[in-house]
2 protein chains.
Amino acid sequence: MATIREVAKLAGVSVATVSRVMNKNGYINEKTKDKVEAAIQELDYRPNDVARTLFKGTSNMIALFVPDIMNPFFPELARAVEDTANKSGYTFILCNTDNNREKEMKYLHTLLQKTIGGVVMVSSSIPLETLHKVDVPMVALDREIADMISVTVNNRAGAVEAVRYLQKTGCRRIAHISGPADTTSAAERKKGYLDVMQQEDGFCEKDYIAPGEYTFDGAYHAAKEIIQKHPEIDGVFAANDLMGVGVLKAAEALHLRVPEDLAVIGFDGIEIGKITTPALTTIGQPIYEMGKRAVEIIIDQMENDQKECDSEQYTVQLIKRQSTK
Amino acid sequence: MATIREVAKLAGVSVATVSRVMNKNGYINEKTKDKVEAAIQELDYRPNDVARTLFKGTSNMIALFVPDIMNPFFPELARAVEDTANKSGYTFILCNTDNNREKEMKYLHTLLQKTIGGVVMVSSSIPLETLHKVDVPMVALDREIADMISVTVNNRAGAVEAVRYLQKTGCRRIAHISGPADTTSAAERKKGYLDVMQQEDGFCEKDYIAPGEYTFDGAYHAAKEIIQKHPEIDGVFAANDLMGVGVLKAAEALHLRVPEDLAVIGFDGIEIGKITTPALTTIGQPIYEMGKRAVEIIIDQMENDQKECDSEQYTVQLIKRQSTK
DNA sequence: TTGAAAGCGCTAACAC
DNA sequence: GTGTTAGCGCTTTCAA
């Protein structure tokens, strides 16, 4: 790779002049500019980004922390973040945290040593004091984290809508497969479920809520067990689609017809809900849009210094498919 | 973030000495070493990786080019690459190419400007001459690319096994939903299908092969059409699992029972095949293992200079599930 | 065993 | 308008 010095030499100017034409700042004579551009062209010169970053003290890289990209909810988010970052000239770094604090801390330090430009956090259990010491723009995505700015969805209202819809289509005994208690989205969705169900006669929380940890297997086993114990259950609200699919699979194992014997509704609106049989009814989030917005906020913070923007909340939408009546 | 100079000052030594104790090279007095280490500790000093990279001329980042992380085949691969890279102290960059040459070229140049350490390519239509000019370790993964070292699977033999298995379980008229013609894995799988089928009486290639482009929708429509045109089809070999699931969905739309009326087998062994109803029989690849191996090769090339290693081929394995008899 | 200094490739004062 | 130069934070000769 050619360096700025070689370009300067070929064009017969100083490196400062080359730098000026590249960055379009300062005054440059038209003829000089042409000479420099010709030299750049001829050498196929591309400025070394590492040197630039060292000088500037901050890199044009944006990282995304997710629990695990193998969970089908995250690829779409990752895609949105990458596309948006790229569009503005930033490079995308993916970090799978496994919800592990050690890993997160290690990543954070590695990125800091690379003078990372910004971080989008879907997963973070990094201690508050560490976060405060770090002077890098961050935004929380899909859940709330410490006192970060966040981009989320109205989870509680979405859950209320899900349960009400189940009721409207005839379900009387509705169970909930819940997500991890320490994740705000899961907690909110559970609250929404309770908002509706606690108004029902004889509703007993313990009997109708089982933890599925946002995983397929977790939900499969949880659903199987709770339905066997309470055969009167005729509807299930799973806190995410992956678990919704797990419930579908459990219904199959129990020889229950969906939606006739058991109606199922999920949450998220990921692709996987379309390909199952029956296809999964769900509460859809604007996933791509949210990822995009998170990056826009980060970039805004990086480029301008206005840290004074607010959290944003998107609205969910009921997507009717075949797993409900 | 503290700098090496601050550490040197605090420890009462020169920056060279600090550098020496960090990198454990050159002679250092035990006492000096202790002083320096204490200073590092006290300041919570972490060397600036950008400066190191600038000096060294090559960074500790490894990139992965995939067509699209939203295709469920790639997250597992990405995960393998990331885990393996991290384990050796490298940072992972994800690049979605959309099989678009422009995008790939743009990525390549961006990474080159960051003095990227190595690249794992699942997708690349970058011209050979460009590739040759670039002095960065690269390996092709899951498919063959130009004259890169590759990590693949015995696709053709796997396809033969798939079709034979369909025959063994009673299928007489087996169709093939093929992948993109310009992708070596898809081409090999089609060859394997033909290896078997061309020995059958009255087999007509045109009637039984439909292109699905490795996508769910592509396969859904292709399968629907070909089966309607040739109702005698009683088995389908889809060139990948995503398409296999598409075929399952098509069968449902056509009111065909799987596997009684139509048996379906896929290729890849991704998670999604387990969650459908019926679960998808498939030819499994050791996906994680392959991703891991590709990175090991890259790192080997980066750290030692022995470019003389060979391509590697893994063996597939038949995974029987419910979509075949 | 340690320090001084050059230099990785770039940008931005500052001088002319 | 353009060139000279210091310096971003590090590593590595070369001297001492």
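Sequence lines set the chain letters: A, B, ... in the order given, protein chains first and strands last, and positions in each chain run from 1.
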Problem - B:N23 side chain near D:dT11 phosphate (N/O to OP1/OP2, under 4.0 Å) - result: yes

Problem - Spacing between B:K56 atom NZ and D:dT11 atom P, to the nearest angstrom - result: 6 Å

Problem - OP1 or OP2 of D:dC8 under 4.0 Å from side-chain N/O of B:R5 - result: yes

Problem - Nearest-neighbour nucleotide for the A:F55 side chain, C:dT2, C:dT11, D:dC10 considered - result: C:dT11

Problem - Among C:dT1, D:dT4, C:dG9, the one nearest A:A16 by side-chain distance - result: D:dT4

Practice task
Could you check whether B:V50 gets within reach of a base, just the sugar-phosphate, or nothing at all, counting any heavy atom under 4.0 Å?
Solution key: nothing

Practice task
Would you indicate which nucleotide in C:dT1, C:dC10, D:dG3 comes nearest to any side-chain atom of B:T32?
Solution key: C:dT1

Side chains of residues 65-80 of chain B: which donor-acceptor pairs under 3.5 Å do they make with residues two or more places apart or in other chains?
from	atom 1	to	atom 2	distance (Å)
B:D68	OD1	A:R79	NH1	3.0
B:D68	OD1	B:M70	N	2.9
B:N71	OD1	B:F73	N	3.0
B:R79	NE	B:D83	OD1	3.1
B:R79	NE	B:D83	OD2	3.4
B:R79	NH1	A:D68	OD1	3.0
B:R79	NH1	A:D98	OD1	2.9
B:R79	NH2	A:D98	OD1	3.3
B:R79	NH2	A:D98	OD2	2.7
B:R79	NH2	B:D83	OD1	3.3

Practice task
Select base, sugar-phosphate, or nothing to describe what B:M1 touches, counting heavy atoms under 4.0 Å on all strands.
Solution key: nothing

Exercise for the section: Measure the distance from OH on A:Y27 to P on D:dG3 and round it to the nearest whole Å. Expected result: 17 Å

Handout entry: C:dC10 OP1/OP2 closer than 4.0 Å to side-chain N/O of A:Y45
Key = yes

Practice task
Examine D:dG3: is either OP1 or OP2 under 4.0 Å from a nitrogen or oxygen in the side chain of A:T17? Give yes or no.
Solution key: yes

Problem - Nucleotide nearest A:R52 when distance is taken to its side chain, options D:dG3, C:dT11, D:dG9 - result: C:dT11

